[in-house]
Amino acid sequence: MLLKIGRFQVPITLKYPQLQEHVPKVLEFVPFRNWVSRLENDLLKSQLTPQKIELQDVDFFGSRIGFVKVKADILNEDGKLMPGIAFLRGDAVGVLVRITSIDEHYAVLVEQPRVPLGQRFLELPAGMLDGSKNFVGVAAQELEEECGIKIEPSDLKELTKEALVPSGGGCDERIRLFLVDKHMDKQELLNLQDRIGGLQDHGERITIKIVKWQDIPSVTADMKAFCALKLLENFP
């Protein structure tokens, strides 16, 4: 089949024939549509020429698509093939939770097994948008699901002016970061420490960790946390 991208009619090919049944859902998958739109509105306005898009794999979360892997054959201005493998997963949010208790500041981090890393990982509460455009609503929902902390969307302050791109060489993901301030007494903090959260019927098992604010850089390697702290330095 052909996919119209700007002035080009681009063939879509399949790495293996079993993918044929998934093509209609892939074409409606919001991250795929957004990726095609960006190709049309940015890359292909320069002297680049698309040859084909190969659908290589599709991963499902139940009945809906979670991830799509494609390989785009695009020629640069010199007629040379550019690196074109793309892992499409869509946009995400991360939340930096700053808790004030008496005169001290703490942060809420979550620890969970991250199979791609091969280890447990301590990080900011975060989640995928799954096609939603409601960044603030998803951020509030993730905070409740992962940590049991209920907030109003209006409590969230966005730190990012533009969504951050953590791995533009291979993935379409863009992340927006938010700050939320909470006040808790010492007992509320103790009740949160090591609490188990997440959607356990979806395979999530998240352990909440309360850390002193100044210790964040020494206890996590999470890019989202470091970016949020840096953005907070210039936050009004």
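Taking CD1 of Ile216 as the reference point, atom CG of Leu109 lies at 6.0 Å (rounded to 0.5 Å). Expressed to the nearest 0.5 Å, how far CG of Leu164 lies from CD1 of Ile175 amounts to 7.0 Å. Between the CD1 atom of Ile74 and the CE atom of Met82 there is a distance of 6.0 Å, given to the nearest 0.5 Å. From Glu158, atom CD reaches atom CG of Leu179 across 11.5 Å, with rounding to the nearest 0.5 Å. Note that CG of Leu190 and CG of Asp185 are 9.0 Å apart. Values are rounded to the nearest 0.5 Å. Between atom CG of residue Asp91 and atom CZ of residue Arg174 there is a gap of 7.0 Å, rounded to the nearest 0.5 Å.
Shown here is Glu162, whose CD atom has no more than 12 heavy atoms of other residues, nucleotides or ligands within 6.0 Å. Counting non-hydrogen atoms of neighbouring residues, nucleotides and ligands closer than 6.0 angstrom, the CD atom of Glu77 exceeds 12 such neighbours. Remark: Lys80 NZ is loosely packed, at most 12 non-hydrogen atoms of other residues, nucleotides or ligands lying under 6.0 Å away.
A distance-only check finds a donor-acceptor pair linking the side chain of Gln193 to the backbone of Ile210 [under 3.5 Å]. Judged by distance alone, the side chain of Glu40 and the main-chain N or O of Ile5 form no donor-acceptor pair under 3.5 Å. Proximity of a side-chain donor or acceptor of Thr49 to a complementary backbone N or O of Leu75 within less than 3.5 Å is not detected. Listed for the Lys25 side chain is a donor-acceptor partner under 3.5 Å among the backbone atoms of Ser63. At distances below 3.5 Å, at least one donor-acceptor pair connects side-chain atoms of Asn41 with backbone N or O atoms of Ser37. The backbone N or O of Asp181 sits nowhere less than 3.5 Å from a side-chain atom of Asp155 that would complete a donor-acceptor pair.
Using the six-membered ring where Trp is involved, Phe67 and Phe61 have ring planes that are perpendicular, over 60° apart on the 30 and 60° scheme.
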Stepwise side chain to side chain contact (heavy atoms under 4.5 Å, CB included) check, Leu192 with Met184:
CA-CA 10 Å; Leu192 268 182; Met184 294 186 182; 3.7 Å; yes
Passes side chain to side chain contact (heavy atoms under 4.5 Å, CB included), Glu54 versus Asp73? Steps please.
CA-CA 8 Å; Glu54 180 183 62; Asp73 286 356; over 6 Å; no
Given side chain to side chain contact (heavy atoms under 4.5 Å, CB included), test Val70 with Trp35 step by step and report yes or no.
CA-CA 11 Å; Val70 298; Trp35 175 72; 3.8 Å; yes
Could you walk me through whether Lys182 and Ile151 satisfy the side chain to side chain contact (heavy atoms under 4.5 Å, CB included) test, starting with their C-alpha distance in whole Å, then the side-chain angles of each, then the deciding distance to 0.1 Å, before giving a yes or no?
CA-CA 9 Å; Lys182 297 285 288 182; Ile151 62 168; 4.1 Å; yes
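For the pair Leu229 and Trp213, the minimum side-chain heavy-atom distance is below 4.5 Å. Here the side chains of Phe32 and Leu3 are in contact, with some heavy-atom distance below 4.5 Å. Proximity of Val26 to Ile12: side-chain heavy atoms (C-beta onward) are nowhere separated by under 4.5 Å. Within the 4.5 Å cutoff, the side chain of Val97 has no heavy atoms near those of the Cys147 side chain. Between Leu177 and Leu96 there is no side-chain heavy-atom pair separated by less than 4.5 Å. Residues Thr207 and Ile196 are in side-chain contact: their nearest non-hydrogen atoms beyond the backbone lie under 4.5 Å apart. You'll find the side chain of Leu232 reaches within 4.5 Å of the side chain of Leu159, heavy atoms only. A heavy-atom distance below 4.5 Å is not found between the side chains of Asp57 and Lys15.
In this structure, Ile208 is not a member of the same hydrophobic cluster as Leu122, with clusters built from ILVMFWY side-chain heavy atoms closer than 4.5 Å. Phe226 and Phe178 are not part of a single hydrophobic cluster, where members link through side-chain heavy atoms under 4.5 Å apart. Cluster annotation: Val110 and Leu124 are assigned to distinct hydrophobic clusters (Ile/Leu/Val/Met/Phe/Trp/Tyr, side-chain heavy-atom contacts under 4.5 Å, transitive). Hydrophobic clustering (side-chain heavy atoms under 4.5 Å, transitive across Ile, Leu, Val, Met, Phe, Trp, Tyr) keeps Leu231 apart from Val108. Residues Leu81 and Ile85 do not share a hydrophobic cluster, defined by chaining ILVMFWY side chains whose heavy atoms lie under 4.5 Å apart.
Nearest approach of Gln56 to Tyr16, heavy atoms of both residues: O-CE2, 3.4 Å. Nearest heavy-atom pair, Glu173 versus Ala92, reported as atom, atom and distance to 0.1 Å: OE2-CB, 3.5 Å. For Phe29 against Gly66, the heavy-atom pair with the smallest separation is CZ-O, 3.5 Å. Closest approach of Leu19 to Leu55, counting heavy atoms only: CD1-O, 3.2 Å. The two residues Met223 and Pro166 make their nearest non-hydrogen contact at CE-CB, 3.3 Å. The minimum heavy-atom distance linking Lys209 with Asp194 is given by the pair NZ-OD1, 2.5 Å.
Remark: Arg114 is not positioned above the aromatic ring of Phe121, lacking an NZ or CZ atom under 6.0 angstrom from the ring centre and at most 45 degrees off the axis.
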